[in-house]
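In this chain, numbering begins with 1 at the start of the sequence shown. Atoms within a ligand are numbered from 1 in the order they appear, just like the ligands themselves.
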Amino acid sequence: LIKIFLLLFLAGQIFAQDFHGNKELLTKAIVEKALTTQTDYRLLEELCAIGPRLSGYPGAQKACRWAADKLREMGCDTVWLDPVTVPDWQRGNIEEAEITAPSKYANRTLQIGALGRSTGTGGKPLTAGVVEVDSFNRIDKMDPALISGKFVFFNEPFDQRMIRTFAAYSKAVIQRTKGPVDASRKGAVGALVRSVTSRDDNVPHVGVTRLDSVVKPVPAVAVGVQDAEFLSRALKTDPDLKITLTLSCANMGTSVSYNVVGEIRGSTFPEEIITIGGHLDAWDKGQGAHDDGAGCVQAMAVMGLFKKLHIVPDRTIRCVLFADEEQKQNGAEKYAARADSLHEHHVAAIESDRGGFTPRGFEVDADSTVIEMMQSFLPDLQPAGIEWIRKGGSGADVSYLKHIKARIGYFPDDQRYFDYHHSDNDTIDKVNPRELALGTASIAILTELISKNGL
Ligand SMILES: [Zn+2]
């Protein structure tokens with residue numbers, strides 16, 4: 001029996017050495033291992049079970065400790081937690097909006113969710129009339145007299161004509177990030193913002209709204225798309241209707257969270273670093289399964305694949321789970337500042353923050369010569385489903401790294417992401433294990449190629 005084990009062990013060694021020189025075998029092994037083990041999906045089940053992990057929530061602390069333990073178990077050479085000061089915004093348990101008597105729509109409630117960093121109403125009802133604007137830009141030209149003392153209702157729809165959903169999102173999301181501040185500047189008492197989503201549903205899709213150092217913060221909420229449509233119709237027949245809003249959310253100052261980092265040291269150029277990662281914080285609606293649980297577990301599972309397949313990287317590979325992407329991106333800022341102060345040599349950083357869907361490509365923020373070199377990797381990435389590598393944006397977190405050859409964004413199919421984004425519907429049942437695993441395999445292959453070849 002011992003002889004058999006010895007033979008199996010030797011066979012394993014030979015196999016491990018065998019595909020090290022053979023790119024096709026290595027790529028095949030990565031894809032098959034990712035698809036058969038589904039380590040990423042198992043990790044996602046555990047992460048989603050922790051509970052809401054918005055910065056400042058107890059779940060955020062638990063998630064950091066959990067991730068560090070997992071990275072150690074997976075065999076990373078070094079694992080550390082780098083403290084980050086993060087906003088502590090708490091939703092609380094009251095968020096209600098209804099149309100006030102004597103309107104014919106009186107007592108009709110609206111599906112709402114407070115926007116992140118919004119001030120609350122102290123749990124007390126706030127009643128005011130409503131002025132609708134159909135696009136964010138419109139508010140600039142509006143007479144403050146029309147706005148003063150009212151709720152501004154931003155009702156710009158997600159542009160369904162656009163094929164690229166991230167572009168449609170960017171176009172519409174400004175009403176959420178900047179609308180409430182602009183409304184307050186003109187005297188509004190609050191802001192109601194149509195949910196920025198590709199889905200015709202009625203769950204609020206939340207997200208951060210910006211604060212301004214001079215402008216008074218006002219309560220701001222996301223409204224379900226169907227209720228936004230309803231409100232728009234109601235205002236046409238009853239322009240004087242009033243809404244009563246009650247919110248218990250509040251900014252509680254700051255809290256401490258962590259960038260969770262796991263590292264496998266490179267054998268030939270250990271000082272050259274390739275970062276792969278996502279953000280560990282998530283909105284407290286749903287489970288943050290796609291945003292960005294998927295990106296986190298993919299980066300973690302890449303580390304696991306390297307260990308399981310005995311791939312010794314030439315360059316150092318770092319899995320970084322960033323703190324606080326959703327509110328202030330203090331985690332990304334800290335990671336980049338640390339890289340600068342330690343004079344670290346960063347070659348590439350790959351971020352996965354567009355959901356755990358079927359692989360399509362990688363968008364690269366780099367010089368054209370670097371992009372051309374990466375495009376020569378395409379034949380090795382195709383077995384995982386990658387179709388293209390093109391110039392484009394990378395990701396919110398890795399974009400902070402300034403002295404680096406390439407900032408890279410993993411780009412899966414984007415048609416469903418904004419159906420679930422920042423809402424109760426971003427739950428693990430929306431994640432397909434095979435699609436998630438192919439993303440992990442794509443990132444693992446690209447990481448190994450950059451580790452072997454440099455950029
Ligand atoms: Zn995200």
* Within Asp353, is some N, O or S atom less than 2.8 Å away from the Zn ion (ligand 1)? -> yes

* To do: Look at Glu95 together with Arg91 and state whether they make a salt bridge at an N to O cut-off of under 4.0 Å.
  => yes

* Asked: Would Leu47 and Leu280 satisfy side-chain contact (heavy atoms from CB on, under 4.5 Å), going step by step from the backbone distance to the final call?
  -> CA-CA 9 Å; Leu47 178 60; Leu280 199 50; 4.1 Å; yes

* **Sequence neighbours excluded - salt bridge (Lys or Arg N to Asp or Glu O under 4.0 Å) pairs with any residue from residues 414-425** => Arg199-Asp419, Arg416-Glu435

* **the Zn ion (ligand 1) - name of the N/O/S atom of His279 that sits closest to it** => NE2

* **Partners passing side-chain contact (heavy atoms from CB on, under 4.5 Å) against Ser248 (at least two apart in sequence or in another chain)** => Asn93, Ile94

* Asked: With a cut-off of 2.8 Å, does any N, O or S atom of Glu326 fall short of it relative to the Zn ion (ligand 1)?
  -> no

* Structure fact -> Here the N/O/S atom of Asp291 closest to the Zn ion (ligand 1) would be OD1

